[in-house]
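Below is one structure, written out as structure tokens, with a few remarks after it.
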Amino acid sequence: MSKEITARSQDYAKWYNDLVLKGGLADYSAVRGCMVIKPYGFALWENMRDVLDRKFKETGHQNAYFPLFIPKSFLSKEAEHVDGFAKECAVVTHHRLMNDPNGGGVVVDPEAKLEEELIVRPTSETIIWNTYRDWIKSHRDLPLLINQWANVVRWEMRTRLFLRTAEFLWQEGHTAHATAEEAIAETVQMLDVYADFAENFMAVPVVKGVKSPSERFAGAVDTYCIEALMQDGKALQAGTSHFLGQNFAKAFDVKFSNKENKLEYVWATSWGVSTRLIGALIMAHSDDEGLVLPPKIAPLQVVIVPIYKGEEQKAALDARVQVIMDELKKAGIRVKYDDNDNARPGWKFAEYELQGVPVRIALGARDLENNVAEVARRDKKTKESLSLDNLSGQIIDLLDDIQTSMFNKAKEFQQASITKADTFEEFQAILDGKAGFVAAHWDGTAETEEKIKELTKATIRCIPLNNPQEEGKCILTGKPSKERVLFARAY
RNA sequence: CGGGAUGUAGCGUAGUCCGGUUAUCGCGCCUGGUUUGGGACCAGGAGGUCGCAAGUUCGAAUCUUGCCAUCCCGACCA
């Protein structure tokens with residue numbers, strides 16, 4: 001028993017860390033706040049990235065790459081934008097090192113000070129819009145639909161593996177449009193892409209909504225988001241899509257000639273999801289035995305463990321497994337045959353459960369005689385004996401079933417975790433009890449929102465799209481309100 | 001960045017209060033053998049800047065100061 005996982009009920013934060021570290025997803029690094037994403041964790045990210053990248057291209061976007069460094073002056077061109085990021089920027093001030101004349105190793109060469117300091121991008125709106133000015137002249141250049149896969153740096157006070165690190169990987173889409181309507185449609189379209197990805201690939205149900213003004217992206221007119229719910233009842237913002245209006249076009253003077261040959265500022269969007277999604281995935285599905293990964297993005301979907309006495313039995317198993325492997329691989333299933341002789345079956349079972357591999361096939365000499373295999377599903381921790389006839393077909397169906405069943409389980413939990421509150425007492429009792437989302441009336445002011453946050457640590461996660469309109473009174477001030485908004489404590 | 005806790009081999013730890021031979025134990029690792037249906041067993045072996053740096057002392061894992069890292073709780077945030 002080498003890899004004990006702290007129980008969720010005992011210490012949720014420690015449980016999460018155990019899964020990331022012992023599940024082999026990531027490690028702490030020598031740099032404060034930064035992590036090393038290990039091969040298994042990166043394989044997970046690659047699968048997520050590939051699906052999203054395909055969806056971006058299907059919706060007409062192209063990938064490009066913009067510089068890591070942003071001239072300091074760019075950042076200050078959009079007033080709200082700089083306000084939002086100024087406190088968490090890494091700044092490059094010099095471009096050369098030298099040997100310490102006093103023999104203390106390398107030091108920064110004071111002669112090599114940069115004329116204009118460079119900011120390590122916390123997000124790329126400014127450098128991109130500075131470029132778009134040159135790219136966009138006519139309505140024929142629009143829409144401009146660009147995405148970039150990149151790393152960004154935000155100097156966070158307090159970091160957590162995957163959920164909040166000083167450097168993280170993400171994609172950021174930046175689009176330019178001729179009209180506001182078109183830009184809003186793009187913003188909503190990409191929100192739908194994110195929601196579809198979260199629900200149908202990660203099996204994580206989300207609420208689509210709009211952020212309140214105080215939770216809005218710095219420089220946006222409207223921020224749309226998908227909000228996921230973790231098993232401890234805390235919400236997690238899983239993706240955002242911003243309608244930027246003409247804010248960046250004006251700041252960077254990006255104009256186009258319309259059909260009437262009149263100059264107009266373009267309309268913008270930006271949207272992103274990050275390696276934070278991996279944190280969401282872990283906290284939405286996993287259990288006290290380890291990770292539980294949805295088949296569609298699991299690095300490894302099926303593992304086959306042989307059980308044998310002696311070389312003769314092993315050879316017979318090898319031959320049969322080869323057939324199963326070929327069939328599964330032909331169907332595009334990511335499968336591994338673990339015939340490593342150093343670890344015994346029980347050890348492998350525990351290890352693959354920790355790593356969240358959706359399906360495990362155990363095959364022994366006895367099984368061959370009976371023409372069956374023992375098939376275990378990670379999500380429900382059940383085992384059944386399946387016939388070797390058309391085993392691969394049954395496995396493919398099982399993977400589908402696991403995917404659906406994981407989503408349904410999470411969806412049920414989410415639905416059961418949206419609670420209405422009509423008084424402040426109820427509101428607080430729910431937060432301190434089962435937590436989750438609380439649907440409550442709010443008078444629409446930033447002051448009330450701030451006061452509620454102060455009193456309860458809960459924030460407005462979003463105003464759901466297609467939110468039912470109903471008359472009510474703000475839970476804090478009693479002022480009239482026409483709809484409920486979703487509050488929660490959040491990551 | 002404030003408050004609290006922790007830091008001894010890859011992991012988990014004893015020893016720290018009250019300084020004193022060669023730093024304890026388990027897991028893991030290496031070699032050989034027996035094993036293999038839920039984290040195997042036997043035998044032998046390797047592995048340590050006791051978080052880092054100064055200081056006190058004849059002598060520091062142990063005492064003092066500073067620093068670093070991680071975790072928890074706040075403020076900030078995807």
Using Watson-Crick and G-U wobble pairs whose two distances are both under 3.5 Å, how do you write the pairing of RNA chain B as dot-bracket, with | for links to another strand? ((((((((.[[[..)....(....]]].((((((.....)))))).....[[[[[..)....]]]]])))))))....
With sugar-phosphate meaning primed atoms plus P, OP1 and OP2, does [X] contact a base, only sugar-phosphate, or nothing at under 4.0 Å between heavy atoms?
{"X": "A:A238", "result": "nothing"}
{"X": "A:T240", "result": "nothing"}
{"X": "A:Q313", "result": "nothing"}
{"X": "A:L236", "result": "nothing"}
{"X": "A:T165", "result": "base"}

Pair A:T223, A:H242: side-chain N/O donor-acceptor within cut-off below 3.5 Å: yes
Distance-only polar pair, side chains of A:Y194 and A:K55, donor-acceptor under 3.5 Å: no
Does a side-chain heavy-atom distance below 4.5 Å link A:L368 with A:L317? yes
How about A:E227 and A:L236: do any of their side-chain heavy atoms sit closer than 4.5 Å? no
Please state how far atom [atom1] in [X] lies from atom [atom2] in [N], giving the value in whole angstrom units.
{"X": "A:H242", "N": "B:rC77", "atom1": "NE2", "atom2": "C1'", "result": "13 Å"}
{"X": "A:D83", "N": "B:rC77", "atom1": "CG", "atom2": "P", "result": "11 Å"}
{"X": "A:R489", "N": "B:rC77", "atom1": "CZ", "atom2": "C1'", "result": "18 Å"}
{"X": "A:D338", "N": "B:rG38", "atom1": "CG", "atom2": "P", "result": "16 Å"}
{"X": "A:K38", "N": "B:rG10", "atom1": "NZ", "atom2": "P", "result": "14 Å"}
{"X": "A:E450", "N": "B:rA75", "atom1": "CD", "atom2": "C1'", "result": "11 Å"}
{"X": "A:W347", "N": "B:rG28", "atom1": "CH2", "atom2": "P", "result": "10 Å"}
{"X": "A:L354", "N": "B:rG38", "atom1": "CG", "atom2": "C1'", "result": "15 Å"}

Nearest heavy atom decides the nucleotide; on that basis, is A:N342 or A:Q237 closer to the 5' end of RNA chain B? A:N342
[X] (side chain) donor-acceptor with [Y] (main chain) under 3.5 angstrom:
{"X": "A:Y16", "Y": "A:L161", "value": "yes"}
{"X": "A:T445", "Y": "A:T448", "value": "yes"}
{"X": "A:R121", "Y": "A:V152", "value": "no"}
{"X": "A:K57", "Y": "A:Q62", "value": "no"}

Per A:E374 side chain, nearest of listed nucleotides B:rG39, B:rG38, B:rG37: B:rG37
Nearest to the side chain of A:D367 - B:rC76, B:rG39, B:rG37? B:rG37
With a 4.0 Å limit, can you tell me whether A:K453 has a side-chain N or O closer than that to the phosphate oxygens OP1/OP2 of B:rC76? yes
Provide the distance between the two [atom1] atoms, one in [N] and one in [M], to the nearest whole Å.
{"N": "B:rU62", "M": "B:rG55", "atom1": "C1'", "answer": "15 Å"}
{"N": "B:rC29", "M": "B:rC11", "atom1": "P", "answer": "15 Å"}
{"N": "B:rU22", "M": "B:rG15", "atom1": "C1'", "answer": "15 Å"}
{"N": "B:rA60", "M": "B:rC77", "atom1": "C1'", "answer": "44 Å"}
{"N": "B:rU13", "M": "B:rG28", "atom1": "C1'", "answer": "14 Å"}
{"N": "B:rC63", "M": "B:rC18", "atom1": "C1'", "answer": "11 Å"}
{"N": "B:rA61", "M": "B:rA9", "atom1": "C1'", "answer": "14 Å"}
{"N": "B:rC30", "M": "B:rA46", "atom1": "P", "answer": "15 Å"}

Do A:R320 and A:D367 meet the salt-bridge criterion of a basic N to acidic O distance under 4.0 Å? no
Indicate yes or no: does A:E125 engage A:K77 in a salt bridge with an N to O separation below 4.0 Å. no
For residues 287-296 of chain A, pull every pair meeting side-chain hydrogen bond (donor to acceptor under 3.5 Å, both in side chains), keeping only residues two or more places apart or in separate chains. A:R8-A:D288, A:D287-A:R378, A:E289-A:K381
Those residues that, when tested against A:D222, pass side-chain hydrogen bond (donor to acceptor under 3.5 Å, both in side chains) (two or more places apart): none
Between the protein and nucleotides 34-36 of chain B, which nitrogen or oxygen pairs are less than 3.5 angstrom apart?
| from | atom 1 | to | atom 2 | distance (Å) |
| --- | --- | --- | --- | --- |
| B:rU35 | O4 | A:D341 | OD2 | 3.1 |
| B:rU36 | O2' | A:Y308 | O | 3.4 |
| B:rU36 | N3 | A:D341 | OD1 | 3.3 |
| B:rU36 | O4 | A:D341 | OD1 | 3.3 |

Treat primed atoms plus P, OP1 and OP2 as sugar-phosphate and everything else as base, then score nucleotides 69-74 of chain B 5' to 3': B for base contact with protein heavy atoms under 4.0 Å, S for sugar-phosphate contact only, - for none. SSSSBB
Contacts of A:K38 that satisfy salt bridge (Lys or Arg N to Asp or Glu O under 4.0 Å) - sequence neighbours left out: A:D27
Would one find more than 12 heavy atoms of other residues, nucleotides or ligands at under 6.0 Å from atom NZ of A:K309? no
